[in-house]
Participant: 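Here it is, the structure, as structure tokens.
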Amino acid sequence: MYQSARQELLTLRDLIRYGVSRLNSAQVALGHGSDNAWDEAVYLTLHALHLPLDTLEPFLDARVVREERDRVLDLLERRVTERVPAAYLTNEAWLRGHRFYVDKRVIVPRSPIAELLDQGLSPWVQDALAVENVLDMCTGSGCLAILSALAFPYAHVDAVDVSADALEVARRNVDDYGLQDRLDLHESNLFDSLPARQYDVIICNPPYVNSGSMDVLPQEYRHEPHLALAGGEDGMDLVRRILAAAPQYLTQDGVIVLEIGHERDFFEAAFPQLSPVWLDTEEASDQLLLLTREQLTL
């Protein structure tokens, strides 16, 4: 945009309107925290101006100085030209009102499992206060492990990832939330290096994208670690291993909550003997399932 045109954008309202138009005209791929150009433009604008993310209205018609305008427009331009998820540009992601540090070593937190943790997995977990041990498999940034520690306040949480880089990010988030005494991070190929322990709850957002979908991912998603997305030909490579091993790590009444994205058909083809409970949230349908230890051992 020419310098003279930049100078015509005087207020937050102007900048956000421009941002929506720019994002829409560039046809950026969304889905890393926002699903529409308005929310994305608002977030980037407020972040660039160091304004509260939940307080837009009082500032909409406030004028910005040149340095502020340039900061917003430069961030919007990076979002469009580099095709990088906003979270990587700002080094933060918000999930259910909680902030997490992120960078390209981890996928951007967005799992709908977080919504279920708001209610402590009720009614499938009857008493959140009675949960003693929780496992977050494929933890990435550690976001679900941290939300689990908050949902089950008396539980010990183990968080596992095969990526040492991802665990460095998770460590930063665990430290930010002051959960070092209750949340342990483990570098492990799934269950291989875990301590001998049985869990009341296992949550897992594994790599599950099938190879055909991987081949056509939008550019934004290609900035995320391939290791954290690719699930093999049918997306079920790691899911098979996880469900095969899970019973020996679950308590008698334990449950596993698993995210499989848009791969329900592949899941049902791979596990015709299983009849999971499909868990819908406000944001997702047919993407989350729950299985008991008993179901996995039949």
Side-chain angles (χ1 to χ4, degrees), residues 31-35 93-98 100 106-126 128 131 134-152 155 157 159-161 190 199-210 213 221 224 228-232 234-247 249-250 253-296:
H32 291 95
S34 58
D35 61 3
W94 291 83
L95 193 58
R96 309 303 292 176
H98 296 275
F100 300 98
V106 296
I107 62 171
V108 177
R110 54 186 178 273
S111 174
I113 292 175
E115 183 179 332
L116 301 178
L117 290 171
D118 283 351
Q119 303 300 322
L121 297 181
S122 177
W124 304 280
V125 173
Q126 293 186 357
V131 173
V134 177
L135 172 64
D136 176 25
M137 180 61 68
C138 307
T139 194
S141 65
C143 59
L144 292 181
I146 290 167
L147 294 181
S148 295
L150 299 178
F152 307 111
V157 180
V160 177
D161 207 287
L190 300 182
Y199 298 93
D200 303 293
V201 175
I202 297 175
I203 58 174
C204 183
N205 177 18
Y208 54 67
V209 182
N210 69 73
S213 296
Y221 290 85
E224 297 186 292
L229 295 174
D234 64 351
M236 295 294 113
D237 283 3
L238 266 69
V239 174
R240 289 184 178 89
R241 294 173 56 195
I242 291 164
L243 294 186
Y249 291 92
L250 284 167
D253 297 320
V255 298
I256 180 169
V257 176
L258 182 70
E259 178 176 345
I260 58 160
H262 300 288
E263 309 290 352
R264 179 168 178 170
D265 289 345
F266 281 122
F267 178 88
E268 291 179 335
F271 305 99
Q273 76 282 9
L274 295 178
S275 299
V277 175
W278 291 94
L279 308 174
D280 288 344
T281 70
E282 292 181 4
E283 299 177 355
S285 179
D286 291 343
Q287 298 183 34
L288 305 175
L289 60 94
L290 179 144
L291 288 158
T292 65
R293 181 184 185 278
E294 183 180 8
Q295 287 175 300
L296 290 171

Participant: Can you name the ring-ring contact (aromatic ring centres under 6.0 Å, His included) partners of F271, sequence neighbours left out?
Facilitator: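 Only F267 meet the ring-ring contact (aromatic ring centres under 6.0 Å, His included) criterion with F271.
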Participant: In terms of heavy-atom contacts, does CD of Q119 have more than 12 from other residues, nucleotides or ligands at under 6.0 Å?
Facilitator: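 Incorrect, the count does not exceed 12.
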Participant: Can you tell if the side chain of H98 reaches within under 4.5 Å of the side chain of I146, non-hydrogen atoms only?
Facilitator: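 SC-SC contact between H98 and I146 ruled out.
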Participant: If you look at every heavy atom in I256 and A246, which pair is closest and at what distance?
Facilitator: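 That closest heavy-atom pairing would be CD1-CB, 4.3 Å.
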Participant: Can you name the closest pair of heavy atoms from E259 and Y208 and give their distance?
Facilitator: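 Looking at all heavy atoms of both residues, the closest pair is OE2-OH, 3.0 Å.
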Participant: Within the 4.5 Å heavy-atom criterion, are Y221 and V209 side-chain neighbours or not?
Facilitator: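 Heavy-atom side-chain distance check fails, nothing below 4.5 Å.
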Participant: Run the side chain to side chain contact (heavy atoms under 4.5 Å, CB included) check on L258 and I113 step by step: do they pass?
Facilitator: CA-CA 8 Å; L258 182 70; I113 292 175; over 6 Å; no
Participant: Main chain of N210, side chain of E263: is a donor-acceptor contact present, judged purely on distance under 3.5 Å?
Facilitator: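 The answer is yes, because a donor-acceptor pair under 3.5 Å joins these two groups.
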Participant: Could you pull out all residues at least two apart from A151 that satisfy side chain to side chain contact (heavy atoms under 4.5 Å, CB included)?
Facilitator: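 Side chain to side chain contact (heavy atoms under 4.5 Å, CB included) check on A151 returns L117.
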Participant: Tell me, do V134 and D136 make a side-chain contact under 4.5 Å, heavy atoms counted?
Facilitator: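 Heavy-atom side-chain distance check fails, nothing below 4.5 Å.
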Participant: For the atom pair CG (L116) and CG (L147), what is the distance rounded to the nearest 0.5 Å?
Facilitator: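 Taking CG in L116 and CG in L147, the distance rounds to 11.5 Å.
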Participant: Residues in side chain to side chain donor-acceptor pair (under 3.5 Å) with S141, at least two apart?
Facilitator: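 For S141 there are no side chain to side chain donor-acceptor pair (under 3.5 Å) partners, ignoring immediate neighbours.
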Participant: Work out which heavy atom in A244 is nearest to a heavy atom in P247; give both atom names and the distance.
Facilitator: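 Closest pair (atom of A244, atom of P247, distance): O-CD, 3.6 Å.
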Participant: Compare every heavy atom of P206 with every heavy atom of V239, then report the nearest pair and how far apart it is.
Facilitator: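 Looking at all heavy atoms of both residues, the closest pair is CG2-CG, 4.0 Å.
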Participant: With sequence neighbours left out, what residues match D234 under salt bridge (Lys or Arg N to Asp or Glu O under 4.0 Å)?
Facilitator: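 Partners of D234 under the salt bridge (Lys or Arg N to Asp or Glu O under 4.0 Å) test: R240.
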Participant: Report the residues that fulfil ring-ring contact (aromatic ring centres under 6.0 Å, His included) with F100, sequence neighbours left out, ordered by chain and then residue number.
Facilitator: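 So F100 forms a ring-ring contact (aromatic ring centres under 6.0 Å, His included) with Y177.
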Participant: Return the set of residues passing side chain to side chain contact (heavy atoms under 4.5 Å, CB included) with A128 (not counting sequence neighbours), or none when no residue passes.
Facilitator: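 For A128, the residues satisfying side chain to side chain contact (heavy atoms under 4.5 Å, CB included) (neighbours in sequence not counted) are F152.
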Participant: For V106 versus G140, what's the shortest heavy-atom pair and its separation?
Facilitator: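 Answer, listing the atom of V106 first, then G140: CG1-C, 3.8 Å.
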Participant: Applying side chain to side chain donor-acceptor pair (under 3.5 Å), can you list everything that pairs with S148, at least two apart in sequence or on another chain?
Facilitator: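 Listed in chain order: nothing, the list is empty.
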Participant: Would N205 and I107 satisfy side chain to side chain contact (heavy atoms under 4.5 Å, CB included), going step by step from the backbone distance to the final call?
Facilitator: CA-CA 11 Å; N205 177 18; I107 62 171; 4.2 Å; yes
Participant: Looking only at non-hydrogen atoms, find the nearest pair between I242 and C204 and report the distance.
Facilitator: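 Of all heavy-atom pairs spanning I242 and C204, the closest is CD1-SG, 3.6 Å.
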Participant: Identify, with sequence neighbours excluded, every residue that meets salt bridge (Lys or Arg N to Asp or Glu O under 4.0 Å) alongside R293.
Facilitator: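 Applying salt bridge (Lys or Arg N to Asp or Glu O under 4.0 Å) to R293 gives none.
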Participant: Assess the residue pair D200 and V125 against the criterion (side chain to side chain contact (heavy atoms under 4.5 Å, CB included)); give the C-alpha distance rounded to whole Å, side-chain angles, the decisive distance to 0.1 Å, and a yes or no.
Facilitator: CA-CA 9 Å; D200 303 293; V125 173; over 6 Å; no
Participant: Between side-chain atoms of residues 282-290 and protein atoms elsewhere (two or more places apart, or another chain), which donor-acceptor pairs fall under 3.5 Å?
Facilitator:
from : atom 1 : to   : atom 2 : distance (Å)
S285 : OG     : D280 : OD1    : 3.3
D286 : OD1    : R264 : NH1    : 2.7

Participant: Which residues pass the side chain to side chain donor-acceptor pair (under 3.5 Å) test with D253, sequence neighbours left out?
Facilitator: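 Counting only residues at least two positions away or on another chain, D253 forms no side chain to side chain donor-acceptor pair (under 3.5 Å).
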Participant: To the nearest 0.5 Å, tell me how far Y249 OH sits from M137 CE.
Facilitator: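 Between Y249 OH and M137 CE, I get 8.0 Å after rounding to 0.5 Å.
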Participant: Kindly determine whether L243 and L274 satisfy side chain to side chain contact (heavy atoms under 4.5 Å, CB included), including the steps that lead there.
Facilitator: CA-CA 11 Å; L243 294 186; L274 295 178; 4.0 Å; yes
Participant: Sequence neighbours left out, what passes salt bridge (Lys or Arg N to Asp or Glu O under 4.0 Å) with E224? Give chain and number order.
Facilitator: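 Partners of E224 under the salt bridge (Lys or Arg N to Asp or Glu O under 4.0 Å) test: R110.
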Participant: So which pairs with a foot in residues 270-279 pass side chain to side chain donor-acceptor pair (under 3.5 Å), sequence neighbours left out?
Facilitator: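 Qualifying pairs: none.
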